[in-house]
Amino acid sequence: MKIMVIGGGGREHAIIKKLKENSKITEIYALPGNGGIAKDAVCVNIGAKDIGSQVDFAVKNKIDYAVVAPDDPLCLGAVDELNKAGIPCFGPDKKAAVIEGSKVFSKELMKKYGIPSADYEVFDNPEKALQYVKNASLPIVIKADGLALGKGVIIAETLEKAEAAIKDIMENKVFGKSGEKIVIEEFLTGPEVSVLSFTDGKTIVPMVSSMDHKRALDGDKGLNTGGMGTIAPNPYYTPEIEKYCMENIFLPTIKAMNEEGRTFKGCLYFGLMLTPKGPKVIEYNCRFGDPETQVVLPLLKSDLFTVMQAVTNGTLNKTEVLFKNAFAACVVMASGGYPQKYETGYEIKAEDEILNDVFVAGAELKNNKLVTSGGRVLGVTAVAATLEEAINSAYKKIEKITFKNAFYRRDIGLRALKAGKEK
Ligand code: AMP
Ligand code: GLY
């Protein structure tokens, strides 16, 4: 079978490595892939947003199945177009991907169907938003409605910061059309849990839980990033909380999307916060999380391709989805300066054995050498019987990899480790 995976980051590398475990898959194409993915798939220079070229490529090359991984092509309707051309896909159609593509949509959905989330107001007029924050309690959270490369959420501790965020998004249009509307919501507190799930629109099967580390620096300091590391499972996510989430969040979300005529098929990601008043949804993503995927998929015992096909065919209730009784940790090695300005083009030095065992996010091949090409460069992952071993072994691997200006957090998983010991 010929498979095509759209995307080119660490998440896609993790998906491709897992798909390769299925012997029915003979060829995997990555559009566009990256220099590390090139070891595991044929990379084709077609961008993740170039849907027309993706469809042409799939038809010409008689692709049997496509996995659409990133938010942009999903929200632009890549699955709809590929399906029209007769290519079965893993991923939601455009109508369902709006659950991530519009925060206004997702907030209204949760309100309408009683799914727990932060209280909020929607604004399409900056004057009214500026007036509203004057009397709001701080901190307050300001979110651009549309996709914003993970940068569209501003937590304002002061009125000045809130006003600046509103002006930046709505008047200076720093996120373009994504900022035509904004959500202003209540600031919640508590540990965060990421739960990715497989759903065919009827059945929902949560994957093993995980914990992201979004801030750039140790101790959760510094700027927000796409994610500097992850661990799984998340010790805060107890069986009681899981049961509560299934009954009050996961199943109601699937049902709500069906009732709205937007049946969701694919990977639905729940970003949860365990607040003193119970678990609440911080955000939905219409796709696998990055770098959550880099710890979740290595723990998947069942065959990923079989599960994906069951999602597409609507037979998830008859398909086993099992996870290993183990732990995983992923530490992201980034380019110095990320998430702001950084330099690229530096050779990544490590033995082949080590490099073959990492997820490559931002690197390209130049003269047969792997050189940095992005902010997040590598996701160095390890699986072990305990969380402590998984973390130690990921850091041991990192010590064997160098590139100029590399930086990474030294405390990935430490909070989870502490929480796990307190239980
Ligand atoms: P997002 O880009 O939607 O993943 O949000 C980025 C981060 O902002 C989340 O992971 C949370 O840490 C934080 N966040 C978003 N909404 C809220 C909220 N209502 N209260 C507190 N923190 C929030
Ligand atoms: N790690 C969070 C995300 O993928 O949006």
Side-chain angles (χ1 to χ4, degrees), residues 7 9-12 14-15 69-72 74-75 97 99-107 110 116-121 136-157 162 165 169 175 178-179 182-197 207 209-216 220-232 234 236 266-277 279-297 330 332 334 339 359 361 375-376 379 412 415:
R11 162 185 56 205
E12 287 75 11
I15 292 171
D71 45 2
D72 278 323
L74 288 166
C75 292
I99 198 164
E100 173 170 4
S102 167
K103 293 213 191 299
V104 173
F105 171 84
S106 70
K107 293 299 292 186
M110 289 188 271
S117 182
D119 287 341
Y120 73 101
E121 297 283 337
S137 53
L138 296 165
I140 188 112
V141 184
I142 301 181
K143 301 184 171 183
D145 175 40
L147 298 180
L149 295 168
K151 294 180 188 151
V153 174
I154 291 105
I155 297 175
E157 291 88 8
I169 300 175
F175 303 123
S178 287
I182 60 169
V183 170
I184 301 187
E185 74 177 28
E186 169 201 11
F187 176 74
L188 300 176
T189 54
E192 287 185 57
V193 182
S194 305
V195 179
L196 283 59
S197 68
M207 300 180 219
S209 62
S210 55
M211 182 194 280
D212 194 4
H213 298 68
K214 287 213 156 112
R215 300 293 196 99
D220 291 326
K221 303 231 162 62
L223 293 171
N224 251 326
T225 70
M228 294 300 293
T230 36
I231 59 96
N234 185 325
Y236 289 103
C267 172
L268 182 54
Y269 167 129
F270 300 87
L272 305 171
M273 194 172 267
L274 309 181
T275 77
K277 290 188 189 155
K280 296 193 180 194
V281 178
I282 288 280
E283 61 160 349
Y284 292 112
N285 289 332
C286 65
R287 52 171 174 87
F288 283 98
D290 188 342
E292 283 89 343
T293 307
Q294 290 90 314
V295 286
V296 169
L297 288 187
C330 168
V332 169
F359 299 123
R376 290 189 295 174
I412 299 301
R415 190 171 167 208

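Values below: all heavy atoms of this structure, side chains included; hydrogens, waters and symmetry mates excluded. Note that the numbering runs from 1 along the sequence shown for the chain. Both ligands and their constituent atoms are indexed starting at 1 by order of listing.
- The part of I155 lying near ligand 1 is the side chain, judged by heavy-atom distances below 4.0 Å.
- Minimum heavy-atom separation, L138 to A156: CD2-O, 3.9 Å.
- Closest non-hydrogen pair, A97 versus C75, comes out as O-SG, 3.7 Å.
- Ligand 1 has an N or O atom lying under 3.5 Å from an N or O atom of E192, backbone or side chain.
- On a distance-only criterion, D290 and ligand 2 share at least one N/O pair closer than 3.5 Å.
- Using a 4.0 Å cutoff on heavy atoms, R287 counts as a contact of ligand 2.
- Side chain of T225 to main chain of A216: no donor-acceptor pair is present (N/O by atom type, distance under 3.5 Å, no hydrogens or angles).
- Aromatic rings from Y269 and Y284 are positioned such that their centres are separated by 6.0 Å or more.
- The distance from ligand 1 to the heavy atoms of K143 drops below 4.0 Å at these ligand atoms: 15 (C), 16 (N).
- At a 4.0 Å heavy-atom cut-off, ligand 1 touches K103 through the side chain alone.
- Checking side-chain atoms of N234 against main-chain N and O of E192 turns up a donor-acceptor pair under 3.5 Å.
- In plain terms, the two heavy atoms of A118 and K107 that are nearest each other are O-NZ, 2.8 Å.
- Ligand 1 places these atoms under 4.0 Å from at least one heavy atom of I282: 15 (C), 16 (N), 17 (C), 18 (C), 23 (C).
- If you check the side chains of E292 and S210, you find no donor sitting under 3.5 Å from an acceptor.
- The protein atom (non-hydrogen) at minimum distance from atom 2 (C) of ligand 2 is Y269 OH, 3.5 Å.
- Here the heavy atom of the protein found nearest to atom 1 (N) of ligand 2 is E292 OE1, 2.7 Å.
- Side chains of D145 and S102: a donor on one and an acceptor on the other come within 3.5 Å.
- Ligand 2 has a nitrogen or oxygen under 3.5 angstrom from a nitrogen or oxygen of N285.
- For the ligand labelled ligand 2, residue G271 lies outside the 4.0 Å heavy-atom shell.
- When non-hydrogen atoms are compared, ligand 1 lies under 4.0 Å from the backbone of L188 as well as from its side chain.
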